Amino acid sequence: MGALQADFYARPVVEVARELIGCVVEHAGVAGTIVETEAYHESEPACHAFVGVTPRTKTLFGPPGLAYVYRSYGIHAMLNAVCEPEGVGAAVLIRALEPLEGLGEMRLRRGVVASREGSSPAELCSGPGKLAQALAVELAHNGCDLARGPVRIYEGSGSPRTVVALPRVGISQAQDLPWRFCALDSAHVSRPRPQPALRAG
DNA sequence: CATGGGATTGACT
DNA sequence: GTCAATCCCATGC
């Protein structure tokens, strides 16, 4: 299993968002499998790149395969993977992970204690702010190469997942686009969760 | 230079 | 269900 290279990201952002489900993010001694993503593209107003190139959005227009990290609500860091050819502003927001390695370290960084509420693997990385904190991803990682690190993304090694497309979360514009992707069977995604599979009979 | 608005989360009614 | 925390940056004077 190897790190995903620039050609993987240099494609339509919605396609990359769907295919990142099942891949693995690793940083600072901890790792997790991606179970939820959202796509953002300069052509729609929910994307930071909609306003064009500014100091903030410069990374989004850069070469594919870079990390775009920004601060949300003054508190949380958000980890994105820059997509599409250089010059096109687009990225995939990593929204939830299934923890693989370094659970104890994740709990320390999240400030939750093992065997207490909020410390279960399903809650450690179930949201973009949470996973950035658990992985110790900071604004300083903005622009880092996801193939070379320190923050890296690897191709998935597990069995393929059933992926569902849903409207994106927490935005006030372009709410109709079904550009949020979740692993259907995962208990590790953020809210609102996909409808549980309906059972026939 | 002042202002306003978030790609969120956790605590509380 | 409601609400505040808190900081970066786009925008407008």
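We use all heavy atoms of the structure for the numbers below, so side chains are in, but hydrogens, waters and symmetry mates are not. Predicted, not measured: the structure shown is a model, and the values here were computed from it. Every chain is numbered from 1 and lettered A, B, ... according to where its sequence line falls, protein lines coming before strand lines.
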Review point. Whole-Å distance between B:dT8 P and A:Asn80 CG?
Key: 11 Å
Review point. Between B:dT8, C:dT11, C:dC9, which nucleotide has the shortest distance from any of its atoms to the side chain of A:Val51?
Key: C:dT11
Exercise for review: Give the rounded distance in Å between these two atoms: OH of A:Tyr73 and C1' of B:dG10.
Suggested key: 14 Å
Review point. Of A:Ser172 and A:Gly129, whose closest DNA chain B nucleotide lies nearer the 5' terminus?
Key: A:Ser172
Review point. Reckon A:Arg180 touches a base, only the sugar-phosphate, or nothing at all at heavy-atom distances under 4.0 Å?
Key: nothing
Review point. Which of the following nucleotides, B:dT8, C:dC7, C:dC9, is nearest to the side chain of A:Arg56?
Key: C:dC9
Review point. Rounded to the Å, how far apart are A:Leu124 CG and B:dT9 P?
Key: 13 Å
**Study point:** Any A:Thr54 side-chain N or O less than 4.0 Å from OP1/OP2 of C:dA10
**Key:** yes
Review point. Does A:Glu19 come within less than 4.0 Å of A:Arg11, counting only side-chain N to carboxylate O?
Key: yes
**Study point:** A:Glu105/A:Arg110 ion pair, N-O < 4.0 Å
**Key:** no
Check your understanding: To the nearest 0.5 Å, how far apart are CD in A:Glu36 and CZ in A:Arg191?
Key -> 12.0 Å
Exercise for review: Could you tell me the separation between the CG atom of A:Leu131 and the C1' atom of B:dT8, rounded to a whole number of Å?
Suggested key: 12 Å
Check your understanding: Quick one: A:Arg71 CZ to C:dA5 P, roughly how many Å, whole number?
Key -> 17 Å
Sub-3.5 Å pairs of nitrogen or oxygen atoms, protein against nucleotides 1-4 of chain B:
none

Review point. What do you reckon, do A:Tyr40 and the base of B:dA7 stack, with centroid distance below 5.5 Å and planes below 30°?
Key: yes
Point to revise | N/O (side chain, A:Arg110) to phosphate O (OP1/OP2, B:dG10) under 4.0 Å | key: yes
Check your understanding: For the pair made of CZ in A:Phe181 and P in B:dA7, what is the distance, rounded to whole Å?
Key -> 19 Å
Check your understanding: Counting only Watson-Crick or G-U wobble pairs whose two distances fall under 3.5 Å, which nucleotide matches B:dA7?
Key -> none
Practice item. Mind checking A:Arg95 for me? I need base, sugar-phosphate or nothing, with any heavy atom below 4.0 Å counting as a touch. Key: sugar-phosphate
Check your understanding: To the nearest angstrom, how far is A:Asn142 atom CG from C:dC7 atom C1'?
Key -> 15 Å
**Study point:** C:dT11 pairs with, by Watson-Crick or G-U criteria that keep both distances under 3.5 Å
**Key:** B:dA2
Study note, to complete from the structure: To the nearest angstrom, the CD-P distance between A:Gln133 and B:dT9 comes to 10 Å
Review point. For the atom pair CG (A:Asp185) and OG (A:Ser159), what is the distance rounded to the nearest 0.5 Å?
Key: 8.0 Å
Practice item. For the side chain of A:Ile75, starting at C-beta, report the closest nucleotide among B:dT9, C:dT6, C:dA10. Key: C:dT6
Check your understanding: At under 4.0 Å between heavy atoms, what does A:Ile171 touch on the DNA or RNA strands: base, sugar-phosphate, or nothing?
Key -> sugar-phosphate
Exercise for review: Scan side-chain atoms only and decide if A:Thr54 and A:Lys58 contain a donor-acceptor pair under the 3.5 Å cut-off.
Suggested key: no
Practice item. Please check if the distance between the ring centroids of A:Tyr70 and A:His48 is under 6.0 Å. Key: yes
**Study point:** Ring-face cation contact, A:Tyr40 with A:Arg168, 6.0 Å cut, 45° max
**Key:** yes
Study note, to complete from the structure: Minimal heavy-atom distance between A:Met78 and A:Ser72, with the atoms involved, is CE-CB, 3.7 Å
